[in-house]
Amino acid sequence: MSPSDLRAEILRLTGEYARQAHRNNWPASEAASDRAFVPGETTIPYAARCFTDAEVVAAVESTLDFWLTLGPQGEQFEKELADFLHVKKSILVNSGSSANLLAITALTSHKLGERRLNPGDEVITVAAGFPTTVAPILQNGLVPVFMDNDPLTLNGRVDQLEEAFLPGKTKAVMMAHTLGNPFDLSVVMEFCRKHGLWLIEDNCDAIGCSYDGRLTGSFGDLSTQSFYPPHHLTMGEGGAVNVVKDMLLKVLVESFRDWGRDCWCASGKDDTCHKRFGWKLGELPEGYDHKYIYSHLGYNLKPLDTQAAIGRQQLKKLPHFIQARIDNWNVLRNGLADLGDFFDFHLPTHATGWTENGFTWDDSGHRSVCSWFGFMMLVKPGAPFTKSEFARHLDQHKIGNRMMFGGNLVRQPAFVQLKKDRPSSFRVIGTLAGADRIMNESIFIGTYPGLTPAMLEYMIETIRQFCRR
Ligand SMILES: Cc1ncc(COP(=O)(O)O)c(C=O)c1O
């Protein structure tokens, strides 16, 4: 057989294998009826990767190409992702945490002049959430200022923004659209505009959300994605930094991603600037190879081309995945509608409540559409069970559940230690009562596209029985 015939045969067999071997990982809409599920015996994870033969074939095909490092698949994926989000540029990295690290680090570049973030500058963020939304602020010698969370939307309490602001010190806002719920972008954008602040949207859990009809991740200066398996789309490990408008930020993010280099040639390319040997920078000799000139103290945070090949297939499925998450959330919300004595349920920003006809809204005129990462419930203080008892019950019945990540991060050992070591390393606004409530009472279960109707029904029945004991 010729190499091209061999390749075609390998890919044909790979597809055949994946269709047989990975049926349980298909989106429920494509294989719900033959999904192996025994209520009470089969574990229902809170999230899982959903894929078909297309991802497996793409991964093998890219492996056969053996480009290995980020290359043609990465270039295409970056373009397709940027097109999806309506941003100028998406830059692939090896995780959402790396994306957050790069986004904030890029803003420390001397190339931004007066607007650069300097050590000791403050960045407003939110107390309850995922640790690597905040850690990169500290890793850059900056000072996070923690606002409280609204326990029902899980998002930052934007009414505290002005109190958190310190003239001459505050330089940026960096916070997440929590569990697929856009934060109040109208207020945050106006606040950043008024004070000339950078905005980084951590969109890791929220791709596909929209606010007033525009996708989250396309409002701030930079935004970030995670493609770790529980997320809306996956490439195994992976993430992206999105550059919304300003292409100088693209150069900076790429520089910090790629060892800190000054050169912006794509992998395998030389002399994009047409003066590879014509630069005189730092104290280097004139004509020093631009490929080895470093204008920043950088990292290497690139993913592999094979990961990008998987991501490209997942992106094609993304609109369906987003809809499936919304549909699954609605099924759970309907099925648990009369358990309001036991739980407070997650609300989109600007929503005031929920009826069987959908959400009711405040009179701000703003609307958000959630691309739910999970189905969040707060166990009410007066409920006849604790959150831990509820979580244990779900575990015993094989229903995957999670806390809202790190809860109130300020209470985590890393931050308690930090406060002891360097009391001025972060600031806190108010009592963080909302973040504490989230830490003590919140729990979420899955909405991911692999959930079948039978699984959803079992989840609802199990919770109902527990409450009615
Ligand atoms: C809001 C948020 N930001 C960042 C991350 C980090 O992403 P990764 O796990 O890809 O590093 C996560 C992880 O789930 C997250 O939930």
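All values below come from the heavy atoms of this structure, side chains included, with hydrogens, waters and symmetry mates left out. Order of appearance sets the numbers: ligands from 1, and atoms from 1 within every ligand. What you see is a predicted model; the values in this text were computed from it and never measured.
- Closest to atom 6 (C) of ligand 1 among all protein heavy atoms lies S97 OG, 3.4 Å.
- Aromatic ring pairs are classed by plane angle as parallel below 30°, tilted from 30° to 60° and perpendicular above 60°; the pair F191 and F165 is perpendicular.
- Interface atoms of ligand 1 facing S95, defined by a heavy-atom separation under 4.0 Å, are 10 (O), 11 (O).
- Nearest heavy-atom pair, M403 versus A391, reported as atom, atom and distance to 0.1 Å: CE-CB, 4.4 Å.
- Evaluated by nearest non-hydrogen atom to atom 5 (C) of ligand 1, the leading choice among F373, Y228, F130, F227 is F130.
- Ion pairing of E55 with K317 is present here, as a side-chain N (NZ or NE/NH1/NH2) and a carboxylate O approach within less than 4.0 Å.
- Ring planes of Y46 and F373: tilted class, angle from 30 to 60°.
- Ligand 1 places these atoms under 4.0 Å from at least one heavy atom of T133: 3 (N).
- At least one N or O atom of D202 sits closer than 3.5 Å to an N or O atom of ligand 1.
- Contacts with ligand 1 closer than 4.0 Å are made by side-chain heavy atoms of N100 only, the backbone lying farther away.
- Residues A36 and T42 share a closest heavy-atom pair of O-CG2, 3.8 Å.
- For the pair F405 and ligand 1, a heavy-atom separation below 4.0 Å is found.
- The heavy-atom pair separating L252 from S109 by the smallest distance is CD2-OG, 3.4 Å.
- For ligand 1, the atoms closer than 4.0 angstrom to any heavy atom of G96 are 6 (C), 7 (O), 8 (P), 10 (O), 11 (O).
- With hydrogens left out, the protein atom closest to atom 16 (O) of ligand 1 is D205 OD2, 2.7 Å, a heavy atom.
- Atoms of ligand 1 found under 4.0 Å from any heavy atom of C204, numbered from 1 in the order shown, are 2 (C), 3 (N), 4 (C).
- Not one N or O of T132 is nearer than 3.5 Å to an N or O of ligand 1, by distance alone.
- Here H231 has side-chain heavy atoms under 4.0 Å from ligand 1, and that is the only part of it that gets that close.
- Other residues, nucleotides and ligands contribute only 12 or fewer heavy atoms inside 6.0 Å of the CZ atom of R422.
- Using cut-offs of 30° and 60° on the angle between ring planes, the pair W329 and F375 is tilted.
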